[in-house]
*Asks:* 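I am attaching a structure below and will ask some questions about it afterwards.
Whatever order the structure lists them in is the order used to number ligands and atoms, beginning at 1.
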Amino acid sequence: MNKSNTGLYSLAGLAAGQTSEAKADETRPWEKTTVVGRPIPRVDAYERVSGSAEYPSDVSLPKMLYGAILRCPHPHARVKSVDTSQAEKLPGVHIVATGTTPGFDVRWYYSRDSYSKIFDPLCLFEGDEVAGVAAETPYQASDALRAIKVEYEVLPAVSDEQKALDPQAPKLREKGNRVGEVEKYSRGDVEKGFAEADVVLEQTYSTACEIHTTLERHGCVANWEGDSLTIWESTQGVYGVQGGVARTLGMPLSKVRVIGKYMGGGFGSKLDAGKYTVIAALLAKRAGRPVRMFLPREDTYLAVGNRPPAHMKLKAGVKKDGTLTALEFYCLGTGGAHPAGGTSLNDNLVRDLYTCPNVRSEMTDVFINAGPARPMRAPGHPQGAWALEQMMDALAAKLGMDPVALRLKNIPTVSQAQPGNPPYTSTGLRECLEEGARTFGWDEARKKAEDRHGEGQEADIRRGVGMASALWVVGGGWPPATVIVRLFADGSVNLNMGASDLGTGTKTVMAMVVAEELGVDPNSIQIEHADTGTTQFASPSGGSKTVPTESPAVRAAALSVKKQLLESAAQDLKLAADDLEIQNGEIVSRSDPAKKKKITDVSALRRNAVVVGVGYRGPNPPNRSINPFAAQFCEVEVNVKTGEIRIVRFLAAQDSGRVMNRLTYQNQVFGGVVMGIGLGMTEERILDKEQTGKMLNANWHDYKIPTALDVPADMTCVPIDPHDTEANSTGAKGLGEPATIPAAAALANAVYHATGVRVVDSPISPMRLMRLFADRSKKES
Ligand code: MOS
């Protein structure tokens with residue numbers, strides 16, 4: 001794993017502040033828990049379902065204007081002139097801003113050394129920002145956009161990443177369309193490994209570009225008071241947005257406050273600020289009024305991120321007994337028009353999921369005229385799993401070996417991809433495979449499906465059973481994180497942390513950690529979070545690291561309160577502090593339970609009216625790798641006359657360390673599986689590659705995400721907890737991303753089992769499947 005990979009989720013290099021030096025947290029994980037682990041509904045469930053939760057897109061300020069952005073309709077064009085005169089005359093229009101409007105000549109950095117202007121005269125993708133407006137109503141704002149006259153010089157575009165390096169391809173950069181050097185990795189000697197193999201297979205695979213399609217659209221409300229800016233943004237990390245805006249506008253962090261208490265989905269596309277954030281701030285400044293800027297749905301398809309497409313070739317060698325001897329992987333990908341990690345982490349599973357002494361990979365990232373990628377739920381991994389896990393399935397078939405057995409043969413104990421080959425703090429891959437297969441009834445289901453093929457009245461319906469496994473590159477979390485817990489005079493508690501709750505249950509899990517230590521009802525805890533003005537520093541909620549990063553800091557803060565309380569009570573009661581414990585709002589002596597004192601009567605609390613505990617996230621254990629693992633199993637029915645697939649059932653066995661809350665855990669896993677079903681079966685950004693280069697399905701009707709009808713009613717979550725006592729003081733590893741990694745590959749393997757047809761290009765649409773059936777019939781006849 002190179003540094004730039006973790007950079008997706010840390011704020012490395014950003015000007016965001018850290019509150020204090022992290023101290024090592026020596027606390028061991030709990031052996032037994034009374035609150036943590038239970039299936040407790042979200043502490044904010046009522047607010048969420050009743051509509052009283054205020055999402056950033058609900059924020060409405062007095063005198064607020066509505067912002068809108070004019071976007072380039074061409075994938076590649078030069079703006080020759082912009083005429084705003086008509087737009088400016090329209091009723092309700094306050095500002096029409098272009099690249100030449102004073103204050104708007106600002107650089108937006110897509111990466112550390114690559115920028116475009118906020119309104120750049122050179123448009124590199126359909127949806128590139130050309131002008132902005134602010135008006136009294138959203139309708140007036142959109143009328144104003146239509147009244148702006150832009151003269152474009154349309155330039156030839158390249159929309160197909162596989163043609164980007166052709167000599168005659170239009171160039172996005174003077175140097176050409178290559179993004180940096182080819183990323184190369186190698187260990188051992190692959191030629192020797194292939195020579196030692198009894199079976200060698202080689203196959204190309206591809207995954208389509210996916211869009212995040214968050215329920216709440218991207219955007220914010222921006223408001224200035226003097227030279228201080230406040231932004232309510234739908235974001236995964238308020239500090240990330242703060243840093244991005246401050247840097248872009250040359251402001252001190254202390255003058256930019258970002259609030260993001262609820263948010264409706266990010267999946268990696270809201271880890272930091274967007275151009276829209278800065279445009280909203282600039283419009284608000286010029287108008288002297290608050291500006292609300294939430295993007296229309298179509299813009300969220302074009303301009304705020306995607307999971308980039310991947311074109312992969314994998315060659316694998318294996319001995320008769322199933323021992324992998326060599327893996328060789330090539331990948332071509334694109335992050336679109338700006339350096340956006342077009343191939344980031346695609347080879348990580350090839351490098352790290354199975355024991356293999358000889359591995360080589362090469363990844364080529366190119367520019368094309370399309371919207372820039374952003375991290376999307378487990379960047380690179382579902383793509384890599386699509387290739388590797390289908391290859392494992394094919395190897396097993398060739399060897400006449402069970403697919404689960406083949407994987408069990410190659411379980412790693414150390415991270416081979418990292419320097420020094422650090423051992424994993426815990427690895428539940430074996431348990432995921434064994435326990436998953438057992439609970440699923442793998443052997444019986446495989447056999448039953450094979451026995452039924454082509455029988456009776458359902459001859460058109462073929463049943464198949466498939467599986468795939470995964471690990472996730474990070475998921476151990478890391479410092480910094482600072483948390484404050486306050487115990488009030490009446491015994492109630494306030495938890496203050498900067499992290500965003502993406503809807504995954506972060507607040508709930510953290511409240512449970514406090515409840516575990518202080519013996520209060522998690523629902524009674526007041527939680528203040530995701531506000532750079534009032535809460536502590538946290539890195540963005542991403543990388544499946546929020547629980548493993550924040551929960552040890554929360555526990556440390558709660559333990560600090562507890563320690564102060566017990567020490568004060570010990571003085572009050574004239575007992576040793578280590579003889580005392582908290583029980584139902586009282587401090588009780590373990591040796592003599594008759595000796596006790598109400599928490600609210602303890603001197604420390606009576607004296608100061610509050611006990612404050614500060615907790616820091618300590619460093620991770622040295623020379624260890626912390627990774628979540630997974631194995632997923634599914635059963636499908638394929639109609640060989642129509643190509644339709646019905647997913648009968650899906651089971652996910654996940655090792656993410658301790659289960660902090662059985663209910664939110666299961667929610668995460670089901671959500672991950674559903675997203676994997678989308679990658680495998682329905683989702684695809686379609687660009688008009690041969691002609692206009694424009695996206696043809698930039699809407700929720702033509703871009704298909706799985707609905708309730710595509711998701712099996714029979715879903716099972718099997719948590720595997722190999723008791724990680726090393727990773728951190730709560731024993732939890734990340735969950736959100738590993739849950740989505742193997743799902744699509746498991747489906748593809750099930751479709752192969754059902755039909756004998758291997759679908760190597762995603763998504764497995766009925767149309768694609770029917771074409772493959774037809775190709776097969778042609779070959780056979
Ligand atoms: Mo992410 S891609 O962990 O937000």
*Asks:* Which atoms from ligand 1 have a heavy atom of Gly543 less than 4.0 Å away?
*Replies:* 1 (Mo), 3 (O)

*Asks:* Flag Glu737 as yes when one of its N or O atoms lies below 3.5 Å from any N or O atom of ligand 1, and as no otherwise.
*Replies:* yes

*Asks:* State if Pro379 counts as touching ligand 1 under the rule of any non-hydrogen atom under 4.0 Å.
*Replies:*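 It does; at least one heavy atom falls under 4.0 Å.
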
*Asks:* Quick one: does Gly268 get an N or O within less than 3.5 Å of an N or O on ligand 1?
*Replies:* yes

*Asks:* Can you establish whether the number of heavy atoms outside Tyr115 located under 6.0 Å from its atom OH is more than 12?
*Replies:*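 Atom OH in Tyr115 is not crowded, with 12 or fewer foreign heavy atoms closer than 6.0 Å.
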
*Asks:* So, regarding Arg377 and ligand 1 (criterion: nitrogen or oxygen to nitrogen or oxygen, under 3.5 Å), is there a contact or not?
*Replies:*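 Min N/O separation from ligand 1 is not below 3.5 Å for Arg377.
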
*Asks:* Looking at Gln418, Arg351, His381, which one forms a side-chain contact (heavy atoms from CB on, under 4.5 Å) with Val473?
*Replies:* His381

*Asks:* Check the side chains of Ser544 and Glu737 for a donor-acceptor pair under 3.5 angstrom, ignoring hydrogens and angles.
*Replies:* yes

*Asks:* Any Lys/Arg nitrogen of Lys507 or Asp44 sitting under 4.0 Å from an Asp/Glu carboxylate oxygen of the other?
*Replies:* yes

*Asks:* With a cut-off of 4.0 Å, which atoms of ligand 1 are near a heavy atom of Gln236?
*Replies:* 4 (O)

*Asks:* Could you tell me if the ring centre of Phe650 sits under 6.0 Å from that of Phe633?
*Replies:* no

*Asks:* Should the proximity of Pro540 to ligand 1, defined as any heavy atom under 4.0 Å, be assigned to the side chain, the backbone, both, or neither?
*Replies:*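 The answer is neither.
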
*Asks:* Got Pro479 and Thr549 here, is their nearest side-chain heavy-atom distance under 4.5 Å?
*Replies:* no

*Asks:* For Pro375 and ligand 1, does the shortest N/O to N/O distance drop below 3.5 Å?
*Replies:* no

*Asks:* Under the 3.5 angstrom rule, does the side chain of Tyr276 hit a backbone N or O of Met293 as a donor-acceptor pair?
*Replies:*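 Checked: no pair found.
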
*Asks:* Short list, please: which atoms of ligand 1 are under 4.0 Å from a heavy atom of Phe267?
*Replies:*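 Those qualifying, in numeric order: 2 (S), 4 (O).
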
*Asks:* Please list, in number order, the atoms of ligand 1 under 4.0 Å from a heavy atom of Met376.
*Replies:*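 So the atoms of ligand 1 that pass are 2 (S).
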
